[in-house]
There are 2 protein chains.
Amino acid sequence: MSIELRKHFEKITPLTDQEFDYILSHFTTKKLKKHQYLIQEEDTVTNDYFVVKGLLKASHIDKEGKEYIMQFAMEDWWITDYQAYFSQTTATLHINCIEDSELLCLSLQNRDKICSELHKIEHFFRRKSNLGYVALQRRILSLLNSSAKERYEQLLLQYPSLFQRVPKTLIASYLGVSRETLSRLSS
Amino acid sequence: MSIELRKHFEKITPLTDQEFDYILSHFTTKKLKKHQYLIQEEDTVTNDYFVVKGLLKASHIDKEGKEYIMQFAMEDWWITDYQAYFSQTTATLHINCIEDSELLCLSLQNRDKICSELHKIEHFFRRKSNLGYVALQRRILSLLNSSAKERYEQLLLQYPSLFQRVPKTLIASYLGVSRETLSRLSS
DNA sequence: CCTACCTCACAGATTTTATGTGATGTAAAT
DNA sequence: ATTTACATCACATAAAATCTGTGAGGTAGG
């Protein structure tokens with residue numbers, strides 16, 4: 001299980017065995033089944049999660065019960081309610097499993113610890129944060145100035161495997177369109 | 001929603017409108033969807049929950065991942081991890097939803113408060129606690145000296161509606177048999 | 001007025017879950 | 001040693017749930 005985490009870190013920075021074992025010792029593991037919730041609204045959020053295997057979604061549900069997908073997370077992705085995680089407030093997102101999943105969990109305290117002790121881990125997470133920031137900017141821009149069809153085509157190009165693993169209803173919620181509209185766009 | 005709670009209390013003790021409104025003011029509400037959890041292992045347990053609508057299960061999962069059902073809770077039932085609730089320790093049970101559910105939540109502090117202020121509520125909860133104790137004794141005795149078939153028949157007699165709403169796999173886990181055995185017993 | 005959506009409803013397809021059954025093995029009771 | 005009452009594994013089928021596509025009508029923005 002941990003080999004995936006090592007490969008993930010080493011995409012950005014090489015690690016000695018000793019460094020990696022030390023880093024890994026700051027993670028715990030969690031296995032969830034399909035439909036299980038990882039985080040529910042108003043939960044205290046204590047961990048960030050690296051997806052070793054499986055697929056999850058982070059969503060916000062409005063007062064009318066309508067679900068908006070903020071993020072999917074498959075293997076090699078990270079997921080949590082970041083607002084709640086970094087500010088140690090309660091969650092506003094729900095996170096649950098689309099498939100059975102195996103996760104590695106990192107508390108904020110442990111994250112700060114390994115970052116402070118290992119410069120290259122500080123570097124790793126800064127790079128990931130920058131990438132994430134840029135991805136969110138692109139998503140906002142896409143929502144602002146692309147048509148629904150264009151957004152669909154961009155996502156299909158960028159993450160074709162999502163379309164095999166995620167129901168189109170959820171992809172529609174991620175793209176900000178109804179599932180009927182997505183169906184019509186796909187023809 | 002609260003009319004169900006009032007009816008529930010009044011099965012044991014009549015209440016004036018004023019008394020009931022006062023009692024109700026000590027509850028909060030919670031709505032959960034199917035598969036959402038109410039309590040997870042190691043959670044601090046702050047509330048007891050009255051089920052207004054829906055269906056939940058309380059279970060223990062052993063180290064091998066095998067799930068044992070401690071309790072189901074449908075409308076008019078109460079559910080929590082009582083050990084954790086009364087001793088203010090962390091949960092050893094998982095509680096989640098078999099159906100979308102609406103709950104009324106009562107903290108231990110509020111429970112103690114309304115019991116100390118209203119003798120008839122003290123009476124109500126004492127009666128419920130006695131009933132619960134006796135029910136658990138019966139269950140233990142049933143596990144000790146009844147065959148699986150007898151336990152199944154007792155449950156079917158006592159809660160026939162469970163068999164419409166709960167998968168037999170879960171009922172089997174409650175009865176302490178495999179789902180195949182339960183299937184064979186049902187013939 | 002046109003376009004690009006949303007919503008509602010319906011129908012059918014697909015997937016998932018539940019269930020029943022057979023075969024084999026095991027442990028406890030006799 | 002034998003019998004009984006289960007568990008487990010595997011398989012097949014049924015039932016339920018979910019997914020998807022489509023039509024019709026409505027709405028808001030351009």
Side-chain angles (χ1 to χ4, degrees), chain A residues 32-37 54-57 59-69 72 94 96-101 142-156 160-187, chain B residues 32-36 54-55 57 59 61-69 72 96-101 142-156 160-187:
Chain A
L32 293 166
K33 293 201 153 294
K34 182 172 179 176
H35 301 302
Q36 260 197 277
Y37 280 76
L55 181 55
L56 302 95
K57 66 175 161 78
S59 60
H60 175 73
I61 298 168
D62 72 11
K63 287 176 172 27
E64 285 74 45
K66 191 168 193 289
E67 184 180 38
Y68 300 91
I69 307 295
F72 297 105
H94 297 253
N96 61 2
C97 297
I98 297 173
E99 297 173 4
D100 291 1
S101 300
S142 183
L143 284 168
L144 286 173
N145 76 357
S146 299
S147 68
K149 189 173 178 69
E150 287 165 336
R151 298 204 297 278
Y152 160 71
E153 285 165 351
Q154 284 161 8
L155 189 69
L156 184 55
S161 65
L162 263 183
F163 288 80
Q164 269 84 60
R165 294 176 77 182
V166 176
K168 288 207 171 69
T169 303
L170 297 180
I171 293 179
S173 292
Y174 177 85
L175 293 173
V177 298
S178 73
R179 66 162 199 86
E180 293 89 342
T181 295
L182 183 62
S183 182
R184 300 186 227 268
L185 294 176
S186 312
S187 315
Chain B
L32 291 168
K33 293 203 151 291
K34 181 174 181 175
H35 303 299
Q36 277 198 270
L55 182 55
K57 66 177 160 78
S59 59
I61 299 169
D62 71 11
K63 287 174 175 26
E64 285 74 48
K66 192 167 192 295
E67 183 179 39
Y68 300 91
I69 306 296
F72 297 106
N96 61 6
C97 297
I98 298 173
E99 296 173 3
D100 292 359
S101 301
S142 182
L143 283 168
L144 285 174
N145 76 359
S146 300
S147 69
K149 189 172 178 67
E150 287 165 336
R151 298 204 296 279
Y152 159 72
E153 285 165 350
Q154 285 161 8
L155 190 68
L156 184 55
S161 65
L162 264 184
F163 289 81
Q164 269 85 56
R165 295 176 76 182
V166 176
K168 289 207 172 68
T169 304
L170 296 180
I171 293 180
S173 291
Y174 176 86
L175 292 173
V177 298
S178 72
R179 67 159 196 87
E180 292 90 343
T181 296
L182 183 61
S183 181
R184 300 187 227 267
L185 293 175
S186 310
S187 313

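Labels below follow one simple rule: chain letters A, B, ... track the order of the sequence lines, proteins then strands, and each chain is numbered from 1. No experiment lies behind these values; they were computed from the predicted model shown.
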> Calculate the interatomic distance between Lys57(A) atom NZ and dT18(D) atom C1'; express it in whole Å.
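The distance from NZ of Lys57(A) to C1' of dT18(D) comes to 13 Å, rounded to the nearest Å.
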
> If you assign each of Arg179(B) and Phe163(A) to its closest nucleotide in DNA chain D, which residue comes earlier from the 5' end?
Arg179(B)

> Could you tell me how far apart Tyr152(B) (OH) and dT19(C) (C1') are, to the nearest whole angstrom?
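To the nearest whole Å, that distance equals 13 Å.
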
> Any donor-acceptor pair, under 3.5 Å, between the side chain of Glu180(A) and the base of dC5(C), if you only look at N and O atoms?
no

> Taking Ser183(A) for its side chain and Arg179(A) for its backbone only, find out whether a donor-acceptor pair lies under 3.5 Å.
no

> What nucleotide among dC6(C), dA7(D), dT19(C) has an atom nearest to a side-chain atom of Ser178(A)?
dC6(C)

> Just checking Thr169(B): base, sugar-phosphate only, or nothing, at a heavy-atom cut-off of under 4.0 Å?
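It contacts sugar-phosphate atoms only.
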
> Please report, rounded to the nearest Å, how far the C1' atom of dC6(D) is from the NZ atom of Lys66(B).
12 Å

> Should Lys33(B) and Asp100(B) count as an ion pair when the cut-off is N to O under 4.0 Å?
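Between Asp100(B) and Lys33(B) there is a salt bridge, with a charged N closer than 4.0 Å to a carboxylate O.
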
> Just N and O in the side chain of Thr181(B): are any of them under 4.0 Å from OP1 or OP2 of dA7(D)?
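So the side chain of Thr181(B) is within the cut-off, an N or O lying under 4.0 Å from OP1 or OP2 of dA7(D).
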
> Considering heavy-atom distances to DNA chain C, does Ser147(A) or Lys34(A) have its closest nucleotide positioned more toward the 5' end?
Ser147(A)

> With hydrogens left out and only the distance checked, is there a donor-acceptor pair under 3.5 Å joining Arg184(B)'s side chain and the base of dT8(D)?
yes

> Write down the distance between CD (Glu150(A)) and C1' (dA4(C)), rounded to a whole number of angstrom.
13 Å

> Under the side chain to side chain donor-acceptor pair (under 3.5 Å) test against Ser142(A), which residue among Glu150(A), Gln154(A), Arg151(A) passes?
Gln154(A)

> To the nearest Å, give me how far apart CG (Leu182(B)) and C1' (dT8(D)) are.
16 Å

> For the side chain of Leu185(A), starting at C-beta, report the closest nucleotide among dC5(C), dG21(D), dA7(D).
dC5(C)

> Between Lys168(A) (NZ) and dA13(C) (P), how many Å, whole number?
16 Å

> What is the separation between atom CD on Gln164(A) and atom C1' on dC19(D), rounded to the nearest whole Å?
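Between C1' of dC19(D) and CD of Gln164(A): 15 Å.
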
> Can you measure Arg165(B) atom CZ to dA17(D) atom P for me and round it to whole angstrom units?
13 Å

> Find the distance between CG (Asn96(B)) and OH (Tyr37(A)) and round it off to the nearest 0.5 Å.
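Output value for this atom pair is 10.5 Å.
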
> Under 4.0 Å between any heavy atoms, over every strand shown, what does Lys149(A) touch: base, sugar-phosphate, or nothing? Just pick one.
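Here Lys149(A) touches no strand at all.
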
> Charged N to carboxylate O below 4.0 Å: is that the case for Glu180(B) and Arg184(B)?
no

> Measuring to OP1 and OP2 of dT16(C), would you say a side-chain N or O of His35(A) lies under 4.0 angstrom away?
no

